[in-house]
Amino acid sequence: MAAAAVVAPQAEASESWYLALLGFAEHFRTSSPPKIRLCVHCLQAVFQFKPPQRIEARTHLQLGSVLYHHTKNSELARQHLEKAWFISQQIPQFEDVKFEAASLLSELYCRENSVDSAKPLLRKAIQISQQTPYWHCRLLFQLAQLHTLEKDLVSACDLLGVGAEYARVVGSEYTRGITLEPRQESSPTDHLPGDRRPSPIWHAQALFLLSKGMLLLMERKLQEVHPLLTLCGQIVENWQGNPIQKESLRVFFLVLQVTHYLDAGQVKSVKPCLKQLQQCIQTISTLHDDEILPSNPADLFHWLPKEHMCVLVYLVTVMHSMQAGYLEKAQKYTDKALMQLEKLKMLDSSPILSSFQVILLEHIIMCRLVTGHKATALQEISQVCQLCQQSPRLFSNHAAQLHTLLGLYCISVNCMDNAEAQFTTALRLTTHQELWTFIVTNLASVYIREGNRHQELYSLLERINPDHNFPVSSHCLRAAAFYIRGLFSFFQGRYNEAK
């Protein structure tokens with residue numbers, strides 16, 4: 001069987017016309033500017049020679065990839081990827097083309113809002129990829145991410161649990177090439193005959209478990225997060241391997257730990273972890289990828305590029321500074337992070353950078369409003385609007401926060417009617433526990449400040465009755481109700497004194 005796997009690529013490589021056309025296609029693709037039309041023509045010319053199935057499937061994949069990344073012709077890209085997926089399933093020992101086609105085709109389906117087509121495709125690919133650890137893990141991550149984007153965190157956690165158990169059984173230590181970042185486009189020569197990816201994967205269990213911990217934090221299942229993070233910490237600390245990989249996993253672990261403490265309101269407990277996190281990112285910054293060349297090329301992949309990790313560490317530092325009341329420190333780190341983001345976005349179009357930028361701006365806007373810099377806050381709210389307009393998904397995820405910030409700005413300039421409208425819209429758009437409570441509390445303060453909105457205030461208090469079935473935990477509701485009643489009593493007392 002091994003001999004057959006070697007013979008087939010040699011037979012393909014002997015087709016000089018194929019290599020010539022592929023070389024021309026790559027030349028046109030990498031020209032400055034790229035000549036995509038000519039690249040496509042060269043790849044389409046391959047079919048004129050009635051090539052064998054392997055070359056036919058690979059060329060369909062290459063055409064689908066080029067059209068997907070460089071054109072708006074999604075229909076033609078989908079046709080080529082579907083043909084690559086169909087043909088490659090009939091060819092033995094052709095895993096790379098088969099699973100690359102499935103992975104890219106599912107991405108295209110999602111971009112076309114055909115999620116119902118992407119899910120069964122990924123499930124089938126996962127089912128038949130169990131003998132190919134790299135692709136099996138990568139496809140599990142991809143399907144888990146798809147469920148996460150649909151806010152089906154239970155299904156995503158289940159898949160990550162399956163992946164962790166699979167990695168444990170396989171005995172892996174670090175996932176080859178697994179990353180939550182968007183894929184980089186493959187060139188036509190990436191699938192040349194003889195190009196074989198190594199199958200060993202390392203430390204996949206830690207990546208699956210850390211990813212599951214991240215989703216459990218999103219679900220607010222804090223009791224399940226603690227033992228999982230403890231296990232992950234032991235795995236990371238006991239693992240001996242590439243220093244960049246080890247520090248990368250440690251950053252992932254520490255970011256989750258810091259977030260866990262902040263979510264629980266344990267601001268003082270965060271400091272040791274945050275200090276370790278900052279030291280860790282400094283260590284990674286001093287390590288050079290080209291100085292540490294592992295035997296397996298897969299080891300060069302991480303869960304995030306280190307430049308993105310630096311921004312993420314700034315972000316969690318800002319979150320801690322805001323909760324601890326260190327507003328000057330929050331502004332300082334926000335400025336540094338935004339400056340680095342602008343540099344990165346000149347070279348990198350990754351969507352996660354825009355997400356980081358929006359979250360940083362949301363924090364600094366609140367900081368500006370607290371410190372009385374209203375005009376600057378309004379300018380930064382405008383920036384958030386512009387960023388969200390560029391991405392429907394980003395707008396969907398941050399619409400409630402955006403309306404909340406506008407409501408807070410309206411309060412600061414004493415436009416109570418507008419504040420009420422913004423908070424009411426934000427309440428309709430969110431199901432997030434803490435944000436819902438925060439909005440309700442501020443809406444109540446609007447009613448109290450207006451002085452003649454007692455009926456609306458009592459109705460609001462009725463809505464946050466902990467005995468009722470609301471999408472917010474009872475302790476959050478009790479705290480909000482207690483605060484609102486206290487605020488109402490305070491303003492009522494001042495009103496009586498004025499009379």
Side-chain angles (χ1 to χ4, degrees), residues 1-30 36 38-70 76-109 121-122 124-139 142 176-177 183-201 297-298:
M1 185 174 291
V6 175
V7 171
Q10 289 177 344
E12 294 174 22
S14 64
E15 304 287 359
S16 57
W17 55 266
Y18 172 62
L19 295 180
L21 286 171
L22 208 59
F24 279 124
E26 177 65 354
H27 168 74
F28 291 130
R29 190 190 73 89
T30 57
I36 300 303
L38 294 175
C39 173
V40 170
H41 286 333
C42 289
L43 292 173
Q44 287 175 332
V46 171
F47 301 124
Q48 301 299 319
F49 291 86
K50 301 189 182 308
Q53 276 193 319
R54 285 179 174 266
I55 293 179
E56 183 183 4
R58 184 178 290 111
T59 304
H60 279 301
L61 173 59
Q62 292 157 351
L63 274 165
S65 178
V66 169
L67 291 166
Y68 175 78
H69 288 102
H70 291 281
L76 189 57
R78 179 174 58 78
Q79 291 175 11
H80 282 293
L81 291 173
E82 286 175 344
K83 288 179 182 177
W85 167 239
F86 175 76
I87 297 171
S88 61
Q89 291 180 78
Q90 306 171 29
I91 305 173
Q93 300 179 353
F94 210 44
E95 284 77 10
D96 273 5
V97 171
K98 176 165 49 183
F99 298 128
E100 179 75 19
S103 178
L104 191 56
L105 181 57
S106 68
E107 283 189 13
L108 189 148
Y109 283 151
L121 171 64
L122 285 173
K124 182 175 181 180
I126 288 169
Q127 184 180 3
I128 62 178
S129 64
Q130 295 188 31
Q131 301 304 315
T132 313
Y134 161 61
W135 278 110
H136 190 65
C137 290
R138 175 166 165 174
L139 292 166
Q142 190 170 350
R176 185 239 184 270
R183 80 172 71 246
Q184 297 296 317
E185 179 205 357
S186 57
S187 71
T189 55
D190 282 348
H191 299 284
L192 271 171
D195 179 19
R196 290 291 176 266
R197 303 186 188 201
S199 59
I201 56 175

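On a predicted model such as this, the values are computed, not experimentally measured, just so you know.
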Residues 82-89, side-chain donor-acceptor partners within the protein, below 3.5 Å, at least two apart:
from	atom 1	to	atom 2	distance (Å)
E82	OE1	R78	NH1	3.4
E82	OE2	R78	NH1	3.2
E82	OE2	Y109	OH	2.6
S88	OG	A84	O	2.7
S88	OG	W85	O	3.1
Q89	OE1	K124	NZ	3.0
Q89	NE2	W85	O	3.1

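- Between the side chains of S129 and E95, not a single donor N or O lies within less than 3.5 Å of an accepting N or O.
- To the nearest 0.5 Å, atoms NE2 (H27) and CZ (F24) are separated by 8.0 Å.
- The side-chain heavy atoms of R58 and Y18, taken from C-beta on, include a pair separated by under 4.5 Å.
- In this structure, CD in E100 is found 6.0 Å from CG in L104, a value given to the nearest 0.5 Å.
- In this structure, L43 and L21 have side chains that are not in contact, with every pair of non-hydrogen atoms separated by 4.5 Å or more.
- Atom SG in C42 sits 12.0 Å away from atom CD in Q62 (nearest 0.5 Å).
- The heavy-atom pair separating L108 from A77 by the smallest distance is CD1-CB, 3.7 Å.
- Ring planes of H80 and H60: tilted class, angle from 30 to 60°.
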Could you walk me through whether V40 and F28 pass the side chain to side chain contact (heavy atoms under 4.5 Å, CB included) test, one step at a time?
-> CA-CA 9 Å; V40 170; F28 291 130; over 6 Å; no

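- The CG atom of L76 sits 5.0 Å away from atom CG of L67, with the distance rounded to the nearest 0.5 Å.
- Taking the six-membered ring where tryptophan is involved, the planes of F49 and W17 are essentially parallel, since the angle between them stays under 30° and well short of 60°.
- Put simply, CH2 on W135 and CG on D96 are 6.5 Å apart, with the number rounded to the nearest 0.5 Å.
- Summarising the geometry of S65 relative to L81, their closest heavy-atom pair is N-CD2, 4.3 Å, with the distance given to 0.1 Å.
- In this structure, CG on L63 lies 11.5 Å from CD on Q79, to the nearest 0.5 angstrom.
- Distance alone, capped at 3.5 Å, places no donor-acceptor pair between the H70 side chain and the V66 backbone.
- Under the 4.5 Å side-chain criterion, counting only non-hydrogen atoms from C-beta, H136 is not in contact with F99.
- Here the closest non-hydrogen pair linking A102 and A125 is CB-CB, 3.9 Å.
- Between I128 and K98 there is a side-chain heavy-atom pair separated by less than 4.5 Å.
- The 12-atom threshold is exceeded at CD of Q90, counting heavy atoms of other residues, nucleotides or ligands nearer than 6.0 Å.
- For Q142 (side chain) and L122 (main-chain N/O), no donor-acceptor pair under 3.5 Å exists by modelled atom type.
- Looking only at distances, a side-chain donor or acceptor of T59 sits under 3.5 Å from a matching main-chain atom of I55.
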